[in-house]
A.B. asks: 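Before anything else, here's the structure in question.
Sequence lines set the chain letters: A, B, ... in the order given, protein chains first and strands last, and positions in each chain run from 1.
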Number of protein chains: 2
Amino acid sequence: MVTIRDVAERANVSLGTVSRVLNGHPAVRPVAREAVGRAIAELGYVPNPAAQSLRRMKSHALGLVIPDLLSPMTVTLTRAVEDVAGRAGYTVFVADSRLDEGLEASHIARLLERRVDGLLVSPVQPIAAVERCVSKMGRVPTVLVQLRKPVREFPTAFVDEQPAVYECAEHLVSLGHRRVAVLHSGSRAGGGRFRRDLIRGALAERGITGGGDLDRSFAETGECYAAAMAALNGPERATAILVGVHKFVPPVLRAIRDANLRIPDDVSVVSFGDSDWAESISPPLNVVVVDQAAHAEGAMALLLKAISGEPLRERHFRSESIYVRRGSVGPAGGCVND
Amino acid sequence: MVTIRDVAERANVSLGTVSRVLNGHPAVRPVAREAVGRAIAELGYVPNPAAQSLRRMKSHALGLVIPDLLSPMTVTLTRAVEDVAGRAGYTVFVADSRLDEGLEASHIARLLERRVDGLLVSPVQPIAAVERCVSKMGRVPTVLVQLRKPVREFPTAFVDEQPAVYECAEHLVSLGHRRVAVLHSGSRAGGGRFRRDLIRGALAERGITGGGDLDRSFAETGECYAAAMAALNGPERATAILVGVHKFVPPVLRAIRDANLRIPDDVSVVSFGDSDWAESISPPLNVVVVDQAAHAEGAMALLLKAISGEPLRERHFRSESIYVRRGSVGPAGGCVND
DNA sequence: CTGTTAGCGCATTCAT
DNA sequence: ATGAATGCGCTAACAG
């Protein structure tokens, strides 16, 4: 292993000088700087990050805790975070909680032990629980992402879905839909009850009462399939289904297929979140989406500022989602029960 | 920050003793061991990984370089790797090359600079290029994964697709398919030409010559759509399409839709790789898949052994893929050109 | 069995 | 502008 010391000898300078050029310290004679540069190149010297971390008391690593790597939106977010972090000289540990609160907690603990300089969490647990995890070892700078609204305890990047949801509700109502099912996540990730309430509110303002049997939460694929089936059967079946978590669209499609129904003739479908699949199947799905890259950049800006110790002028970063019309929403006419 | 020294004082033992209990050294009096344990708990001591790394000259981190996080198979692999690695006391840096050779190279370089103890690479670059990257800084233990066949330069985990491909070919031929299009990745990841040749071989043994216009490679969504369109048009259009990369199934579906064709009446489809979507759309897709978790475990076993310095008795780990029949393959009768 | 000691590679302070 | 010296937190070798 070639160390800073080897470089120093090769360049006929002291160890301190090498360190200085490495860290861009101005007070170094150009001649020396150049000699060091040459020595580094010739020896193929690479700084030892463990030694740097130990000395600087900084790991130059960040932690990103996301709810589910199988969600394409999450992947987009992850990539954007890595890009921004990389440009700022950080590497990032990605931890996938798989929608499991306990796993999320243990991931946060592990990242804290690894002494990450900052944490980005898209929480599955209640905020208070996240707070407890993060505080366990003296509160590292932390930003919560993918929330639906800002919270008091942390700086956050949140997505305001109200405009998109209102537009979507308007669209459905104008096409005659009266019985709209809302299938939402049982976990906090993906909006959960908050998102359901937002949708219900938008619908209610347009005279659609609902909820009750039509609203169902679920935690995994099988439950989601059952929930969709339930909404699709019975005397007063739904004419439209809003799926609150993109990865659970497939079981909903399966339920519709198994119920011998067709999109959008018999039932309309809107997904929260998007993917190539949603855009490519027949018919392509209407979706409510947010620009995850912009979201990630906003969050990273907050985090980097927090790490640098600057007080945050704006504690929260707001994005807005949009409603994209494709081919999965049609008139409610197909339903004979109306 | 509470250090080993604080623990030592609190437990009235020396620094060395604390270190010993921490590392499970046997020669420690039970009384001392217990006192140290108590002190650790009371102080909430957590070892500093940077200091450990520096001293041990081991980072206890692994690097996993994968071609595309948007592929569900890759995510499954990633999760399995993290599980096994975690149990062995390693954390893993996941780097997504996004099917880009240059990005893969720079990721490998970054991981090497981070001084990972081992590397798992699902290569997009030619093997020789990977070899060059990895050798740049004195060859860290490296295992190549998701290959189609073992290579000389590295220990590998590979997937033998021959049995599944032969079964699939048999299925298609028995249903009267004569014009089969093979859409494969232009990059090495996902099989590329190797997979195409395997398929062509299987088909040829059953008397189906082909290739030529019917075989097309692509690097991104738009190209794949065009390739599918081309196969679907013309006087002698394909009656079956094999899609070599799962994430590129959506554009193929779009092309089929845009060509006003139906699956499986007009055209049969088989995908390499699987997902909830493939299983849930109408009709559900036939697929060729491999158990990624088992694959990952095999690869990790090789890597951990290599890291420990043991000579590898078996340098390669073999998995076998299977052909899953669902609803996307039917008789070739729908094609009037036959 | 346990205390003491010597670095691991580097950034930084203090002289010069 | 630069060399020398110090110590970050920890492990391992050595001497008791």
A.B. asks: Identify the residue among V18(A), T17(A), V13(A) that makes a side chain to side chain contact (heavy atoms under 4.5 Å, CB included) with V28(A).
C.D. replies: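 For V28(A), the side chain to side chain contact (heavy atoms under 4.5 Å, CB included) check succeeds only for T17(A).
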A.B. asks: Between H60(A) (side chain only) and T91(A) (backbone N and O only), is there a donor and an acceptor less than 3.5 Å apart?
C.D. replies: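 No, because the side chain of H60(A) does not come within donor-acceptor range (under 3.5 Å) of the backbone of T91(A).
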A.B. asks: Is there a donor and acceptor pair, one atom on the side chain of R20(A) and one on the base of dG3(D), closer than 3.5 Å?
C.D. replies: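 Yes.
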A.B. asks: Could you check whether V18(A) gets within reach of a base, just the sugar-phosphate, or nothing at all, counting any heavy atom under 4.0 Å?
C.D. replies: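 Answer is nothing: V18(A) stays at 4.0 Å or more from every strand.
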A.B. asks: Using modelled atom types and a 3.5 Å cut-off, is there a donor and acceptor pairing between side-chain atoms of Q146(B) and backbone atoms of S122(B)?
C.D. replies: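 Not at all, since once roles are kept as given, no pair shorter than 3.5 Å links the two residues.
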A.B. asks: Take the protein atom CG of N23(A) and the nucleotide atom P of dT2(D), then report the distance between them rounded to whole Å.
C.D. replies: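 Answer to the nearest Å: 15 Å.
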A.B. asks: Kindly say whether Q125(B) contributes a backbone atom to a donor-acceptor pair with the side chain of E104(B) at under 3.5 angstrom?
C.D. replies: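 Side chain of E104(B) to backbone of Q125(B), a donor-acceptor pair under 3.5 Å: yes, one is there.
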A.B. asks: Output the rounded distance in Å from CG (L15(A)) to C1' (dA1(D)).
C.D. replies: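 These atoms are roughly 16 Å apart.
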A.B. asks: For S97(A) and L99(A), indicate whether the former's side chain and the latter's backbone hold a donor-acceptor pair under 3.5 Å.
C.D. replies: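 No.
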A.B. asks: Using the test ring pair (Phe, Tyr, Trp, His ring centres under 6.0 Å), find all partners of F317(B) that sit at least two apart in sequence or belong to another chain.
C.D. replies: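 Scan of F317(B) (ring pair (Phe, Tyr, Trp, His ring centres under 6.0 Å), adjacent residues dropped) gives none.
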A.B. asks: Name the one of V121(B), L120(B), T156(B) that satisfies side chain to side chain contact (heavy atoms under 4.5 Å, CB included) with V145(B)?
C.D. replies: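 Answer after filtering V121(B), L120(B), T156(B): L120(B).
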A.B. asks: Could you state the NZ-C1' distance from K58(B) to dA12(D), rounded to the nearest angstrom?
C.D. replies: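 Going from K58(B) (NZ) to dA12(D) (C1'), I get 15 Å.
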A.B. asks: Look at R5(B) and dC10(D) and indicate whether a side-chain polar atom (N or O) is within less than 4.0 Å of OP1 or OP2.
C.D. replies: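 So the side chain of R5(B) is outside the cut-off, no N or O lying under 4.0 Å from OP1 or OP2 of dC10(D).
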A.B. asks: Keeping D117(A) on the side-chain end and S59(A) on the backbone end, is there a donor-acceptor pair under 3.5 Å?
C.D. replies: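 A pair under 3.5 Å: yes.
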A.B. asks: Is the backbone N or O of G16(B) less than 3.5 Å from a side-chain atom of S14(B), with the two atoms forming a donor-acceptor pair by type?
C.D. replies: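 Such a contact is found between S14(B) side chain and G16(B) backbone.
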A.B. asks: Among residues 41-56 of chain B, which ones have heavy-atom contacts with DNA chain C below 4.0 Å?
C.D. replies: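 Under 4.0 Å from DNA chain C: L54(B), R55(B).
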A.B. asks: Once you round it to whole Å, what is the distance between C1' of dT11(D) and CD1 of I4(B)?
C.D. replies: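 My rounded result for the distance is 8 Å.
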A.B. asks: To the nearest angstrom, how far is M57(B) atom CE from dC10(D) atom P?
C.D. replies: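 To the nearest whole Å, that distance equals 18 Å.
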A.B. asks: Under 4.0 Å, counting only non-hydrogen atoms across every strand here, what does T17(A) touch: a base, just sugar-phosphate, or nothing?
C.D. replies: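 Sugar-phosphate, no base atom in range.
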A.B. asks: Using atom CG of L22(B) as one end and atom P of dG9(D) as the other, report the distance to the nearest whole Å.
C.D. replies: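 Answer to the nearest Å: 15 Å.
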A.B. asks: Under 4.0 Å from any heavy atom of chain A: name the first and the last nucleotide of DNA chain C that qualifies, 5' to 3'.
C.D. replies: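 Range of nucleotides within reach of chain A: dG9(C) to dT13(C).
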